[in-house]
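Contents: one structure, followed by commentary.
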Amino acid sequence: MQGLKDRLKRWSGSRLFWPLVGLVLVLFFNLIFVEGFFSIEMKDGHLYGRIIDIVKNAGCYMLLAIGMTLVVATGGIDISVGSMCAISGAVMAALVGGELSGIPHHSYGIAIAAALAVSVVLGLWNGFLVAKLEIQPVVATLILMVAGRGIAQLVTQGQIITVYYKPYAYLGSFTPGLILPTSIFIVAIVLTMALVAVKKTSLGLFIQSAGINRTATRYSGINVKKLIYMVYGFCGLCAGVAGLVISSMVKAADGNNAGLGYEMDAILAVALGGNSMNGGRFSIMGSIIGALIIQSITTTMYALGVSPQVLPVVKAVVVISICLIQSDDFRRVLADLFKKDGRSQHEQVAVKL
Amino acid sequence: AKPQPAATQTEPTQSTAAENTAPAEKKIVLGFAQVGAESEWRTANTKSIQEEAAKAGIELKFVDGQQKQEVQIKAIRSFIAQKVDVIAFSPKVETGWDTVLQEAKAAGIPVILTDRAVDTKDESLYVTFIGSDFVEEGRRAANWLGENAARLGLKENINIFELQGTVGSAPAIDRKTGFEEVMKKYPGWKIVKSQTGNFTRAEGKQVMESWLKSDKDNIDVLYAHNDDMALGAIQAIEEAGLVPGKDIIIISIDAVKGAFEAMIAGKLNCSVECSPLLGAQLMQIAKDVLAGKPVEKRIVTNEGVFPAETAAKELPNRQY
Amino acid sequence: MSETSPILTMTGICKTFPGVRALSNVDFKLRAGEIHALMGENGAGKSTLIKVLTGVDKLDAGEILLDSRSILAKSPQHAQELGISTVYQEVNLCANLTVAENIFIGREPVRAGKIDWKEINKRAKKVLERLDIEIDVTQTLDTYSVAVQQMVAIARALDISSKVLILDEPTSSLDAHEVKKLFEVMRKLQSEGLGIIFVTHFLDQVYEISDRITVLRNGELVGEYETALLPKVQLVSKMIGKVLDDLSSFNKDKKTTEDARRETPYVSAKGVGHLGSINPFDLDIHKGEVLGLVGLLGSGRTETARVIFGIDKADCGEMHVQGNKTVIASAGDAMKHSMAFCPENRKTEGIISELSVRENIILALQAKRGVRKYIKRKEQEKIADDYIRLLNIKTSGKEQLIRNLSGGNQQKVILARWLVTQPDLLILDEPTRGIDVGTKAEIQKLIVRLADEGMAVMFISSELDELLRCCDRLAVIRDRNKIAELTGGELNEEVVMHTIAGGENNAGA
Amino acid sequence: MNKLQLSSKYLSLIVTIFLFFLLFALGSLKFTGFFSLQNFLNLFIDNAYLIIMAIGTTFILIAGGIDISVGAVLSLTCMLSAYLLEMKHLNPFLVMALMLLMGAAFGLIQGALIHFFKMQPFIVTLAGMFFARGMTAVISIDTIDITDKTYELIANYRIPVFGGAFISISVVIAVIALLIAAYIAHFTKFGRTAYAIGGNEQSAVLMGLSVGRTKIGIYMLGGICSTLSGIVFSFYMRSGFTLHGLGMEMESIASAVIGGTLLTGGVGSVFGTLFGVLIQGTIQTLVMFQGTLSSWWTKIAVAILLCLFIVMQSLLTARRIRKKSQVLKSDISHT
Ligand SMILES: Nc1ncnc2c1ncn2[C@@H]1O[C@H](COP(=O)(O)OP(=O)(O)OP(=O)(O)O)[C@@H](O)[C@H]1O
Ligand SMILES: Nc1ncnc2c1ncn2[C@@H]1O[C@H](COP(=O)(O)OP(=O)(O)OP(=O)(O)O)[C@@H](O)[C@H]1O
Ligand SMILES: [Mg+2]
Ligand SMILES: [Mg+2]
């Protein structure tokens, strides 16, 4: 009993604990109310099931959340990621071309490289506005948010370019030979990159430091501006990759609708992951969990056939509940309510679980 | 009981506007407030208007409403300030136009509605409305299904899954209404699930994925409020190992190029046309109105229904 | 005086933070019309005692009586309503508001339903004048230095009419003149029957102003004493729990100017200045010497250091490092030339509050090494442990967040951050601010030792005797100009004071 | 000297106003019909609701928070008013009062969650946004037309001003709201406490200010502004509709920030915000007068103008601040 208590205490001290509890709760709910939620089968050489859908569709949220986490950690915000997704998808689709025969105009590799290059440049542009001109991040990125959709539509000439080139669909669904959705592998690559950068180099320390106290960080000899360039550039890259996945999912580039409103979901993922919106300490894994929570909620809603009208209301209630669980103060109030039974706070937590 | 001091104040403008239009050689200025560029359909609509205006020698003031009604209202105000000859617009929603249309009326500028109607008691606020009938489109989709059900191997009891458009938007409401109206004739039909896909491919695909998990063997027909959602759903169906167009009959609305390509591939069974090409009609009517000719209050665009069989033949004619 | 009944009695106060027993069973008594010094080492629990009294932290156990009525302040606001007015240790004001507003916010005079701004500005000016501060009170607070901000905080507390006034290290960045003014006001309030709790690490000030002393050690009460009956040496030994080797005997054997002239200076500033903060000056700093900067508040000492370290880019003149002309445009540049700068405002320029002690300590070293050469966790821990021991930093562990440390210990961490980089030139701006007597002596010794080992040190301090004890040479700054350099025999209080005052006005004396 | 310092304090506001008039002058030179009193007043008529909404946003930003539920609350207000007026036939003034009450309650709940449970404002108000939008759809997914006579009267009434130009009642409401807001911000304890909280919440607590009450009050004020803005919007649109005010929260935040409000809190003014709104309105009007841009070029053009404006604002402000330090220097040499 004592050992269990200790372990529980150590776990609950971890930053990932409460986001995970949130995710588990959502999945647990599904286990009870959604028939066959966890069933997975093999189909056409890959896994197939609701859980797989969640992971697959959460891919782009995860990608966006990785970049956004770092931006938020520096005390910034990037509301242009949705638009950047659209641009990157548009660039890729435009280069591959919408030939019915499925023959690409340019090689697929070139198209991807070009799309990502454009995304990085756009990210650096945001960095330039924030770091160099010291414009507040919301307005700085608002510019690209507005312009981005225009640019994407300019690239596609307002059309939805449908791509018939077969491999185009791989990124957003399955690659032949792999049993898991391709997006998992892409997320794994980007995530590893990000984790290596923040854990194996001092970037993580510097980013946190800059997010908490920019002046003191500058005084310590850290080039905060360069850091901001880097972070926004990386966020652009993440958005670019996400854009490729989004575009590949529907085998088309839609300048207007691709990634529409995704910036909010990305930010929500970061916040649900237990990260402070004021910058400083961050956890990329937390954001990944946040992204999974968001996608799980959506999938659940569809699975339950929640009527489209009340869908947002339910979403609001779920989001608030998950955040309430994460709030120390709320748990304390709850614990105080229960304390009358003479039980300790930790047992309370256990009971609630 | 309608005190409108504005009407009297802007009287002088009215006369100048009238004078402006009098000399025939002067180029007609048409202010057009578009909804936005939210879909391929809309882009085609814009293109048609722009091209036809150029052809007809009409100077077009084009404003993109960025999918916001308030922007469109502002645009109409700016047209009034610029003293254009005719105002045309494609209302984002049906209501809430009275105030600004009254201003236009007071300024003596005729208004033509395209694509969507406005809901007003005062019919004198606009001259005419050119556009498709969304309810009729819904009816056509259902009728096509009724006529072809047997041929497609469907029984009397049909389970229909509906992919709705954006909640609350006019096409979504009307296309649902029209479809359901016809459904009354077929007691065996049942809409099993109805979820919104927001008119986009991505969401259409996601919703379909979810349905395929729960009702895989249960889905006879998919009715999508636009082609994009249907195209998204088709991908989900293929990924689930079913054959779209065979295992699941798919009907959608709009008839954009992508839909034809899908129909040729046999993945989509039918698309009901909703034509965006009203540019030529609009220019003609604008001229007629300014010339003082009488025009009808409601002009319905000519639209067809395209089953998969006709797709290959029709595709080369598609402009959008 | 001791016969008057206590207005404030705290008994059996306990407070535990995760991993730290900050207060255990502490009693404290304050009488009306008394100035009561609260003494103890860094981390002894002084600030915590004040925080539980004023409702910032919730106390675990104990009782507080104010005017023999049991009270429990729920929040600082509540404490204020109960008649306790407090200046907390760090400057806790709003930098975005004007000076006047900082003094009056929460109790603004209202006329005809509107805040009477004219009145506020007028009264703020008056309150500050009482402390001899003449500044434009309509400017935002962040335009002024820490010292001025500290005075503003004091002015705010003084102006709130109350029964008990608490001052937690109000004098840590003030110089003699300001302190004198503050004491005048404190005496006046004392005579009006106010009870004042005064926290400081300056023993002289304690003996000058206080009637009684309560000493805390490691969160426990050592005792309450009448100031007059407790000799300094005993006070110190009560605070640190052992006898401190005599401070006054310690003195650097000064390098002569001739010694220094022979070698090229490590850093040499020629006509360097920054528009609006410091007028062009020449300054040489040699290896192995401690150069002090003296001047009045706001004279431009900090600004001089900032220009040299590249935080403010010099807009005229040239910088030479080891005889080579270079441009120093950022802190990073300066660090490439092996410089270090420990800034004066630890709250805004020093600590990264949400990071651990370990991370705070290695930050500058890591910046110096670059992004890719990430210091291994093991090495980080070793460095942190070493410096925690070296500077006697009191913390529950190296993973403790720095914001949970006591003020003095935070200061030590910042000092450690720069010592870790092993610089050739170490610039220290008020490094001993808020540090207790024992450690202060240790730090001074450390500075002198580092200089002896060949480091160049630039030392800025508002405490003249500290400077006189440690420095080989003093540069005198007045009104944003460097006006003199003093060495050798000139290094005594009289000459320095006279030079600062410049003979024309005796403001500094 | 005093004047110079004063101007430096209001520097960003002055720069913003200056740039606004520059922008307007630019339009007047380029397009006929642009330079007219009516066209200027149209900026107010067409943006009255945004002005009111942005006032609330400004307060919340000043206090260091954020509220992204505003657009959805506006939508809910329109829909609920329409429902109550058309289906329940309530008295229109009662409806307006109820709406304001609802705004206050909405803000109260959001503020309480943020304050008592230390939840992040972003999440709480994002959930608030989902909730309000959802409730709008629950009431009706169809548009509900507002045919109420009083609303019609208010919506169509034109108040003549100088030379044949006119304004609407909404403009009057917005101006009154602006004045009240300016009064609250500068002349009440509540307003000043908001600034203090935004500047440094911890300090505000230690200074003994009533932080909790003010914070919750600010969110209530924000809620009231959103609903008032919703009422004005329902005059403007005369309908309730689920998609009203979509994405308006960003416009509102952008207006405040362009007007000089710091997202980090503590700095900002409602007059700045007014100009933030007007600038966005002018940019839109400029693009509309241009009248030949395709949909995508419209977006790009809006963004370019916005970008030019912000960059200029940033550069001008930075230059002047450098000048300010010169002033400081001469100040010192005098003493
Ligand atoms: N919030 C907190 N969490 C954990 N530990 C804390 C917290 N606040 C204070 N402490 C610890 O309590 C002890 C007492 O701190 P306190 O600030 O009272 O010291 P102090 O006597 O004021 O020291 P100084 O002279 O340096 O200001 C310290 O060891 C400190 O680390
Ligand atoms: N007593 C005072 N009266 C008027 N202005 C002052 C006073 N003290 C400081 N200032 C102002 O504060 C500003 C900052 O100067 P600052 O105090 O940083 O200089 P400093 O020499 O580094 O002082 P210190 O290191 O003692 O804090 C100066 O511009 C000065 O005008
Ligand atoms: Mg302390
Ligand atoms: Mg200084």
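Below, chains carry the letters A, B, ... as their sequence lines are ordered, and counting in each starts from 1. Side chains included, hydrogens not; waters and symmetry mates left out as well; all remaining heavy atoms used.
Cation-pi geometry between D:Lys118 and D:Phe116 is not met at under 6.0 angstrom from the ring centre and within 45 degrees of the axis.
Most heavy-atom pairs under 4.5 Å with chain C: of the set D:Val267, D:Ile197, D:Val205, this distinction falls to D:Val205. With chain C as partner, the option from D:Asn200, D:Val211, D:Leu206 having the largest number of non-hydrogen pairs under 4.5 angstrom is D:Leu206.
For chain D, the nearby parts of C:Asn102 are the backbone and the side chain; heavy atoms of each come within less than 4.5 Å. Contact of C:Val87 with chain D is not made at all, since no heavy-atom distance falls under 4.5 Å. For C:Arg107, the part lying under 4.5 angstrom from a heavy atom of chain D is the backbone only. Within the 4.5 angstrom heavy-atom criterion, no atom of C:Glu90 approaches chain D. Only the side chain of C:Leu97 has a heavy atom closer than 4.5 Å to any heavy atom of chain D.
Salt-bridge check for C:Glu108 with D:Arg192: failed, with every basic side-chain N at 4.0 Å or more from each acidic carboxylate O. Salt-bridge check for C:Glu354 with C:Arg403: passed, with a basic side-chain N closer than 4.0 Å to an acidic carboxylate O.
The side-chain heavy atoms of D:Leu108 and D:Ile216, taken from C-beta on, include a pair separated by under 4.5 Å.
Judged purely by distance below 3.5 Å, without hydrogens or angles, the side chains of D:Ser69 and D:Glu249 never pair a donor atom with an acceptor atom.
The two atoms that bring C:Pro76 and C:Tyr88 nearest to each other are CB-OH, 4.0 Å, heavy atoms only.
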